[in-house]
2 protein chains.
Amino acid sequence: MNGRTDGGDGLVRINGVALWRQIADRIRQSIGNHEYDETGMIPPETELAERFGVNRHTVRAAVAALSREGVLRSERGRGTFVVRQELYSFPISRRTRFSEGLGEQARVFDGDLLETCEEPASAKLAERLGLEAGARVIRVETVRRADGVALSRSSSWFPSERFAGISEAFLATRSVTAAFRKLGLHDYVRKHTDVTASHAMPDDCKALGLSPGAIVLIARSLNTDLDGVPVQYAVTRFAADRVRISIDSEA
Amino acid sequence: MNGRTDGGDGLVRINGVALWRQIADRIRQSIGNHEYDETGMIPPETELAERFGVNRHTVRAAVAALSREGVLRSERGRGTFVVRQELYSFPISRRTRFSEGLGEQARVFDGDLLETCEEPASAKLAERLGLEAGARVIRVETVRRADGVALSRSSSWFPSERFAGISEAFLATRSVTAAFRKLGLHDYVRKHTDVTASHAMPDDCKALGLSPGAIVLIARSLNTDLDGVPVQYAVTRFAADRVRISIDSEA
DNA sequence: GAGTATTTGTTCGTATGTATG
DNA sequence: TCATACATACGAACAAATACT
C-alpha cells in the first residue's frame, strides 16, 4: 500500500506517526496560517484526500481528531468549519505579566491553583534563584484560561524565606503580581526567558485539555525585583495550537 | 526531577503516534533536561521498559530510532550513551544575528542557500514589509549548520527594489549581515519576533535531517533599518531538539 | 416544490503496521 | 523468531442532510 506517490502536496508515510495525525497537524497549521478563507470552511474531505494523496477515511480520522479537540466542527451536508481562527498572542518583555499581556484578546481570564507545597530547591533551581543549595522554596502549580479555554500550565518557585504565604496570597488574588504586592514587593521585572518545544506530557493533556501528541511551547523564565534579586523562577507550558509567543525587541 | 512526580510512568497509549516514537520523544526530552548523569549513559533497556510500562521490544525500537538520528549510540555490553547533551541556545534581541548569537557554542558555522527567486509579495507580506500590494520581493531559502549539524531552515523575503542582487551577495558571503553591507545597508535591528511550534513538515525533515514526527520551533521575524523601514521578513524553523530560543529582557 | 449536485456519515471487506509475550 | 491482538490505511459502495437551480 505504501507506494505513496505524493500527489499535489507532499506527504510521506512516516514510521511511528499515523498518517491521519500528520494530516491533522497540517490542517491545524493551515488554520494558524490563515490559509482558509474567512467563512472558516475548510475544503471538503474528498478534495483534502486528493490533495494529501490519501483515502478519504484518513482525512476523516484527522478531522475527527481535530473536532474532538474543539478546533473544527463538521456539519453533515454543509461542510467542516474552523471554530476559532486566531492564536492568543503572549508577549514577552521586561514587564511581562500574564493577564495584562493577553489584554483585550479575551473577555474573561481566570485560572486555578492546582497544587502548592514547600520543598528544598534542587541544585540548579537554587543557583537560578541565587539561594544556597538546599534552601527551601514554595512551588505553585497553576493553570491559566482565557474565555474558558486553557492556555497554559505553570510551575513557579519562590524563595520560602522572603515569600512565606505566597500561595495563600495567590489563591486569594489569582495573580502573581497581586500576591507579590500583598507581600510587600511592589514591582518586578522579567530578566530572562528560554523557549523550547516538546510533545505534551500526559499531565499537560489533562491540565490543558489537549489531545495526546499535541505540542507545548515551554517558557522557562526568571523574574527579579528592581535590584536584580531573583524572586520567581517559572516553567510555563503553553498549548502550541492556541498560543503564540511574541517578542518586541524595542530599544 | 522538578518535583513533577509523574511517579515513574505516565505514558498514555495515544492514537496516532506509535508507542516507540513517544518513548523516543521522552528520551530526547530527558536528554534536553539533563535528567541523565554526566557519563551520558541512559538506563538499561529493561529498566526503561519497566519505567514506561512497555515491552522491551518497544524500548529497543525507540533507541534504534534515536541511534539512527545520531542522538544515542549503543555499545554492546556497555550500554547506551547520549552523543551530545547540550541544546544550542539561540538568543533573540534587538541585535539578533545568526552566527554571532550562537557565538562560541560551536567551532564551525556554515549554511547553504537552497533556493532563491523573485516573486510578487502576498498581501500579508507586503503589509509586513511596508510595500504596496503585489510589489516584488526576493525570497531566499537557507539552511544553517553548527559543527555540521543542521539547526534551522529559513525563508527570507527582501524588497526587490532596494535589495536587487541580495541573493548573489548572500551566496558570496553566506551571511545576511554581510550581504546587506555589500548593498549599502550597514546596520539593521530586530523589530519583532513571533514564536510558535509545530510538527516538522516533510521539507523540514529533509532539510534538517529530522526524524519524521519531530518538532520545530518557528520564529517569524521582522528586521528594519535604523529608520524603522522594514528590510527583511523571515520565517525560521529550528529543530526543537537541538535549539533553544533565549530572550534577555534587559532594560 | 422537485430534482440534482455536493458534502458529511456509515458499513462492508482486505492488507499492512504496531505491540505484546 | 514466531504467533496473536489491535490500530492504521485503503477501496467501494450507500445513506442522509444541505445547497442550488
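Note that these values count all heavy atoms, side chains included, but never hydrogens, waters or copies made by symmetry.
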Undergrad: Side-chain N or O of A/Arg56 versus OP1/OP2 of D/dC10: is the shortest distance under 4.0 Å?
TA: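 No, outside the criterion.
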Undergrad: Of the candidate nucleotides D/dT8, D/dT18, C/dT18, which contains the atom at the shortest distance from the side chain of A/Arg78?
TA: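 Of D/dT8, D/dT18, C/dT18, D/dT18 is nearest to the side chain of A/Arg78.
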Undergrad: If you measure from the Lys or Arg side-chain nitrogens to the Asp or Glu carboxylate oxygens, is any gap between B/Arg139 and B/Glu115 under 4.0 Å?
TA: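 Salt bridge flag = yes for B/Glu115 with B/Arg139.
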Undergrad: State, without any angle test, whether B/Thr193 and B/Ser221 hold a side-chain donor-acceptor pair at a distance under 3.5 Å.
TA: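 No - no donor-acceptor pair under 3.5 Å links their side chains.
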Undergrad: Check every strand shown and say whether A/Thr80 touches a base, only sugar-phosphate, or nothing at a heavy-atom separation below 4.0 Å.
TA: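 Here A/Thr80 touches the backbone only, sparing every base.
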Undergrad: When the distance from CD of A/Glu47 to C1' of C/dA5 is rounded to whole Å, what number comes out?
TA: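 Going from A/Glu47 (CD) to C/dA5 (C1'), I get 15 Å.
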Undergrad: Which of the following nucleotides, D/dA9, C/dT8, D/dA19, is nearest to the side chain of A/Arg60?
TA: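 Output: C/dT8.
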Undergrad: Grab the CG-C1' distance between A/Leu19 and C/dT16 for me, whole Å please.
TA: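 A/Leu19 atom CG is separated from C/dT16 atom C1' by 12 Å.
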Undergrad: Does a side-chain N or O from B/Asn55 land closer than 4.0 Å to OP1 or OP2 of C/dG21, or not?
TA: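 Indeed, a polar side-chain atom of B/Asn55 lies that close.
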Undergrad: If we ignore angles and hydrogens, is there a donor and acceptor under 3.5 Å between the side chains of A/Thr196 and A/Arg220?
TA: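 Yes.
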Undergrad: Starting at atom CD of A/Gln22, determine the distance to atom P of D/dA9, rounded to an integer number of angstrom.
TA: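 It works out to 8 Å between those atoms.
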Undergrad: A/Glu45 CD to C/dT10 P: how many Å, rounded?
TA: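 Distance check: A/Glu45 CD to C/dT10 P gives 11 Å.
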Undergrad: Heavy atoms only: give me the nearest A/Ala197-B/Ala197 pair and the separation to one decimal.
TA: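 For A/Ala197 and B/Ala197, the tightest heavy-atom pair comes out as CB-CB, 3.7 Å.
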Undergrad: Could you pick out which residue, A/His57 or A/Arg76, lies toward the 5' side of DNA chain D when each is mapped onto its nearest nucleotide?
TA: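 Going by which nucleotide is closer to the 5' end, it is A/His57.
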Undergrad: Out of D/dC10, C/dT20, C/dA19, which has the shortest distance to the side chain of B/Thr58?
TA: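 My answer, after comparing the listed nucleotides, is C/dT20.
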Undergrad: Measure from CD on A/Glu50 to P on C/dT7 and round the result to the nearest Å.
TA: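 Result: 13 Å.
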Undergrad: Can you measure A/Trp20 atom CH2 to D/dC10 atom C1' for me and round it to whole angstrom units?
TA: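 Answer to the nearest Å: 17 Å.
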Undergrad: CD of A/Glu127: more than 12 outside heavy atoms within 6.0 angstrom?
TA: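 At most 12 heavy atoms, drawn from other residues, nucleotides or ligands, come within 6.0 Å of this atom.
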Undergrad: May I have the distance from A/Leu72 (atom CG) to C/dT8 (atom P), rounded to whole angstrom?
TA: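 Taking atom P of C/dT8 as the reference, CG of A/Leu72 is at 11 Å.
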Undergrad: Take atom CD1 of A/Ile42 and atom P of C/dT8, then tell me their distance rounded to the nearest Å.
TA: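 It is 8 Å, rounded to the nearest whole Å.
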